[in-house]
Amino acid sequence: MKILVLNGSPKGQYSITLQTIHYLQKLCPKHEFEVLHVGQRTKALEKDFTPALEAVTKAKLIIFSYPVYTFIAPYQLHRFMELLKASGVNLKGKFVTQLTTSKHFYDVTAHRYIQDNCQDMEMKFIRGLSADMDDLLTKKGQKEAKEFLKFVFWSMKNNVYEELPVKSEQVVQTKPVEVPENVKGTEEKPGDVVIVTDCEKENTQLQNMIARFRNVFPRKTRVVNIREYPFIGGCLGCFSCAVSGKCIYIDKFDEFLRNEIQTAESIVYAFSIKDHSMGAQFKLYDDRQFCNGHRTVTMGMPFGYLVSGNYSEERNLQMILEARAQVGGNFLAGVATDEVNPDDSIDKMAAALNYALEHKYIPPQNFYGIGGMKIFRDLIWIMQGMMKADHKFYKAHGQYDFPQKQWATMLKMYLVGGLISNPKIKAKMGNAMNEGMLMPYKKLLEEK
Ligand SMILES: Cc1cc2nc3c(=O)[nH]c(=O)nc-3n(C[C@H](O)[C@H](O)[C@H](O)COP(=O)(O)O)c2cc1C
């Protein structure tokens, strides 16, 4: 069987993920594996997409093999997906799956992104394998990889695949936005909010959303259109920035990010939904922020979004936007869309963002934020020798919140555990445990 591997890692043959593919290849010498290094050939594929078209057409099974990069697939794979869908190639009914390596930080949203796009093309999508980057070096990881391929072959033989989603009958059309006259000149307003957008010249809808926001928002705003930034290329995953935070590219994006964007009091992102995400150009911008490593450098800064498109149908994108804000310690003031009543939606987001800025509103993190940061904390602790800038930041900001030093709480728990394991004492306790747990709260509530 012809198996096409679309290697989305910018590291090409040095991809860790690809090593699992090689492992599977070794296990099945009867099958013909072809690897296309799409993550390394973006510019060539933009010029001539024919090699990719020929390969996907010939294949019986397609495997997307890639690293998880900042919540989704790397920019390079986003761009490949854009080119693939734009080519109009008919892949209906073709089997497809995916294999990633990562530290499991938002691997779920990356997998969903690939699944949603493959299902747009009506491909038969088989659930993929999300491995830790070190898994293949363990017996357990090898077994899981082997069983994954077995499952894929079984699925193909029995025509078992993920059901195509039922398309919503109500296709929401974006509604026009009214841009009111500027009540107060931008220059007279206080503050500094940066609107980061990927906005094409022809995209008047998004331009109007931005214009309305700027006019109704009572603070000074400026626009950075990342479409115009002279990026040399996408993040290469080279880790050159790990020690000093300096990117290997000479396009000075790291300096631009630090001097023009991170200095603002808040960031508003504005984009039109493309391929179930913010689009390849935004992904390029996101990946290149790896020069900040895993440091929550915009912590405390509220975020807002202006989104054109069917946002209410994009569950995965909703999770990405919320999780990004959560992990970064940013209050998500709102996501304004042009689906139902764009004017009202924009005005409300502007009001909430202004409130957050005026009152310095920083609510606690939820599961998305706390869970994500625990993965980062453990990762940076282990990698402290190499991720020097991250390690310094985590130490300085108390982000190594390992629970080991809470000796008093642990002792208390041993004591309670000892008491409740004795049935006689437990029976006598009655409601004492609940009462005991509420004691500190009672004290607080009785305070004058
Ligand atoms: C720019 C960049 C972003 C990353 N983002 C994530 C992430 O969001 N979640 C995660 O678990 N790992 C993340 N990683 C780690 C990679 O997924 C991991 O190192 C992977 O195994 C690399 O695979 P490759 O060698 O095939 O490219 C990131 C690495 C880089 C360089």
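Just so it is clear, the structure is predicted and the values come from calculations on it, not from any experiment. Only heavy atoms go into these numbers, but all of them, side chains included; no hydrogens, no water, no symmetry mates. In listed order, ligands and their atoms are each counted from 1.
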Of all the non-hydrogen atoms in the protein, which one sits nearest to [atom], and at what distance?
atom: atom 1 (C) of ligand 1; result: F290 CG, 3.4 Å
atom: atom 20 (C) of ligand 1; result: T101 OG1, 3.4 Å
atom: atom 9 (N) of ligand 1; result: F105 O, 2.8 Å
atom: atom 28 (C) of ligand 1; result: V68 O, 3.5 Å
atom: atom 11 (O) of ligand 1; result: K103 N, 2.7 Å

Check whether any side-chain N or O of Q142 sits under 3.5 Å from a backbone N or O of L136 as a donor-acceptor pair, and report yes or no.
yes
Side chain of D192, backbone of E265: donor and acceptor closer than 3.5 Å?
no
Looking only at distances, can you tell me whether any N or O atom of T17, backbone or side chain, sits closer than 3.5 Å to an N or O atom of ligand 1?
yes
Between ligand 1 and I16, is the shortest N or O to N or O distance under 3.5 Å?
yes
With a 4.0 Å cut-off on heavy atoms, does F71 reach ligand 1?
yes
The single option from L317, V307, I72, I273 passing side chain to side chain contact (heavy atoms under 4.5 Å, CB included) against M278
L317
Pairs touching residues 49-65 that satisfy side chain to side chain donor-acceptor pair (under 3.5 Å), sequence neighbours left out
D48-T50
With a cut-off of 4.0 Å, which atoms of ligand 1 are near a heavy atom of [X]?
X: H104; value: 11 (O)
X: S9; value: 24 (P), 26 (O), 27 (O)
X: C235; value: 1 (C)

Tell me whether the centres of the aromatic rings in F253 and F231 are closer together than 6.0 Å.
yes
Option nearest atom 8 (O) of ligand 1 (shortest heavy-atom distance, choices T70, D286, D134):
T70
Pick, from P67, A73, S102, the option with the minimum heavy-atom distance to atom 22 (C) of ligand 1.
P67
Checking D107, T100, T101 against H104 for side-chain hydrogen bond (donor to acceptor under 3.5 Å, both in side chains), the one that qualifies is D107
Donor + acceptor pair across side chains of D390, Q384 (<3.5 Å):
no
Of all residues at least two apart in sequence or in a different chain, which pass the side-chain contact (heavy atoms from CB on, under 4.5 Å) check with R227?
D198, E200, N225, K274, Q281
